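Beneath this line is the structure, given in structure tokens, with notes to follow.
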There are 2 protein chains.
Amino acid sequence: MGRPPGFDRREVLAAVEREFRKNGYDGTSLDDISAATGLGRGSLYAAFGDKRTLFLTALGDYCDQDEASGAAALAGPDETAMERLRAYFIDAVDRQLNDPEQLACMTSRFTVELAGRDRDATARLRQGFEAQRAALAGCLRAAQRNGDLDPAADPVTLATLLVVDFRGIGSLIGIGLDRAELVAVVDATLAGLPAPPPSAAAS
Amino acid sequence: MGRPPGFDRREVLAAVEREFRKNGYDGTSLDDISAATGLGRGSLYAAFGDKRTLFLTALGDYCDQDEASGAAALAGPDETAMERLRAYFIDAVDRQLNDPEQLACMTSRFTVELAGRDRDATARLRQGFEAQRAALAGCLRAAQRNGDLDPAADPVTLATLLVVDFRGIGSLIGIGLDRAELVAVVDATLAGLPAPPPSAAAS
DNA sequence: GGGGTTCTTTACTGAGCAGTCCAGATCGTT
DNA sequence: AACGATCTGGACTGCTCAGTAAAGAACCCC
């Protein structure tokens, strides 16, 4: 009954997210979004509501995917936990360096722009932070079980530190650090995780 | 010869910086600035040029002060280098937590918002990064001389890591981490710096 | 205290913005 | 094939924005 929409909702949201990520919330107009998606303003309003709602929807969609892919990348056997951890960071660095538009990390960008200004956005970003920290903490616990990490260390505190590094690295890519420096920072971060006491025999 | 300005240039720039820091570059209008400084639009244009120039001036002023105070806080005798390092981080956390308006760190905020969009702003932010990293590296070298840090470690890489942590912590304050968590992250960061080999006798 | 210079204020301009509306196009249904 | 429901795109509205211009106020110097 009636004409079906001529667009794919996920594709549109991905384009919207990309556009917001490029120039920020305030820096993106509905005309930009209309041009990027190919949809007219009327269609956008009918399908997604006003600008803020559209943004929150795109942000939620991005966070969902980001949380799922992060959890998947960090899950696995205890033996390779440390390798997964390093790959998680290096992969994030490479993805951002290889992005032709040098887009800032969505999460970092809006944590800075909207925290304290938009309650709903802040809540969603907080949830994303918790998810990333939980995934990292799980990987750290795996490393502890495998004897790669001091079992006395608190995985949540260390995971918080890793999120801090992750976000900090993302924000510094924008000012032109090269890959070698970034990789060195990642390795220094991981080298700083507390080693297990020498008495315990490593695998 | 002529009427002198009825305002203090430094005070105005500080108010401007505060206003930009509150809502970002795109989120701040000249009316906001006019209200915050008490100056009319004409006066602002005559004294500082257009919005972008005014912003760059305020950013430069802020960076100058930030670089000077950072260098001062990190300079001192080798014996207390590690203490200064910790105080530098804790002080930054407390300043931001105690800020009644919960303003984001100026540097972090505009690194994210303007990197890759405004060449001059990016260059100034890059310079600020280099200055912060150099001051931290100097402090790390002092710690090495005092036997608190592995002399084989590269101070610049570790300083880069500390800047990353510094910026990352600043951006995560916005989503509501409490002071205890932040202090734990600071301590975990410092604990991760490479200890000197046990053969060397500590002071 | 008068003159010239500089600051300050206000009103204005053209552009861009978010959001609305409606006429026409499109499609499933009957 | 015709109907009705839904989608689409462009025109429109009222507002805010950055930047300008000009009239008036304040001040220093002589």
Side-chain angles (χ1 to χ4, degrees), chain A residues 1-61 109-110 113-114 117-121, chain B residues 1-61 109-110 113-114 117-121:
Chain A
M1 35 166 85
R3 175 180 177 182
F7 58 88
D8 179 71
R9 195 179 167 87
R10 300 191 79 86
E11 279 178 21
V12 169
L13 283 178
V16 170
E17 170 249 310
R18 211 177 156 71
E19 205 61 24
F20 274 123
R21 197 157 47 131
K22 203 192 300 177
N23 294 317
Y25 182 80
D26 289 325
T28 302
S29 73
L30 280 181
D31 282 333
D32 295 334
I33 295 173
S34 180
T37 60
L39 272 75
R41 315 163 72 73
S43 305
L44 284 170
Y45 272 88
F48 300 101
D50 65 7
K51 180 183 178 183
R52 179 169 169 276
T53 306
L54 171 58
F55 169 76
L56 289 174
T57 305
L59 175 66
D61 211 58
R109 161 146 232 161
F110 296 110
E113 183 175 359
L114 298 178
R117 204 175 107 189
D118 187 302
R119 182 182 289 274
D120 294 325
Chain B
M1 34 160 88
R3 174 181 177 181
F7 59 87
D8 178 72
R9 194 179 168 88
R10 301 191 79 84
E11 280 178 21
V12 169
L13 283 178
V16 170
E17 170 249 310
R18 212 178 155 71
E19 206 60 24
F20 275 123
R21 196 157 48 130
K22 202 192 300 177
N23 294 318
Y25 182 79
D26 289 324
T28 302
S29 72
L30 281 181
D31 282 333
D32 294 334
I33 295 173
S34 181
T37 59
L39 273 75
R41 313 164 71 74
S43 305
L44 285 170
Y45 273 88
F48 300 101
D50 65 6
K51 180 184 178 182
R52 180 169 168 276
T53 306
L54 171 58
F55 169 76
L56 289 174
T57 306
L59 176 66
D61 211 58
R109 160 145 232 160
F110 296 111
E113 183 175 359
L114 298 178
R117 205 175 107 188
D118 186 303
R119 182 182 288 275
D120 294 326

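First the proteins, then the strands, lettered A, B, ... as listed; each starts at 1. The analysis underlying the following values was restricted to heavy atoms, covering all of them including side chains, and did not include hydrogens, waters or symmetry mates. All values reported here derive from a predicted model rather than from experimental measurement.
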Separation of B:L39 atom CG from C:dT6 atom C1', in whole Å? 14 Å

Polar side-chain contact A:R41-D:dG10 base: donor and acceptor under 3.5 Å: no

Spacing of A:I33 atom CD1 relative to C:dG19 atom C1', expressed in whole Å: 13 Å

Can you list everything that forms a ring pair (Phe, Tyr, Trp, His ring centres under 6.0 Å) with B:Y25? Sequence neighbours excluded, please. B:F20, B:F55

What residues 16-29 of chain A contributes to the DNA chain D interface at heavy-atom separation below 4.0 Å is none

B:D50 CG - D:dC17 P separation (whole Å): 17 Å

Between P of C:dC17 and CZ of A:R52, the distance in whole Å: 21 Å

Is it the case that A:S34 and A:D31 place a side-chain donor and acceptor less than 3.5 Å from each other? no

Testing the basics here: between B:R52 and B:D120, what is the closest heavy-atom pair and its distance to 0.1 Å? NH2-OD2, 2.8 Å

Nucleotide C:dC21, atom P - distance to CG of A:L44 in whole Å: 17 Å

Could you pick out which residue, A:D32 or A:G42, lies toward the 5' side of DNA chain C when each is mapped onto its nearest nucleotide? A:D32

Take A:L30 and B:S43, find for each the nucleotide of DNA chain C with the closest heavy atom, and name the residue whose nucleotide sits nearer the 5' end. B:S43

In whole angstroms, the gap separating P of D:dA18 from NZ of B:K51 amounts to 4 Å

Between C:dT9 (C1') and B:D31 (CG): distance, integer Å: 13 Å

Mind running side-chain contact (heavy atoms from CB on, under 4.5 Å) on B:R9 and B:D61 for me, showing each step along the way? CA-CA 11 Å; B:R9 194 179 168 88; B:D61 211 58; over 6 Å; no

Which heavy-atom pair separates B:R109 from B:N23 by the least distance, and what is that distance? NH2-C, 3.8 Å

Just the rounded figure in Å: distance from P of C:dG19 to CZ of A:F48. 15 Å

Any Lys/Arg nitrogen of B:D32 or B:K22 sitting under 4.0 Å from an Asp/Glu carboxylate oxygen of the other? no

Main-chain N/O of B:D26 paired with B:E113 side-chain donor or acceptor, under 3.5 Å: yes

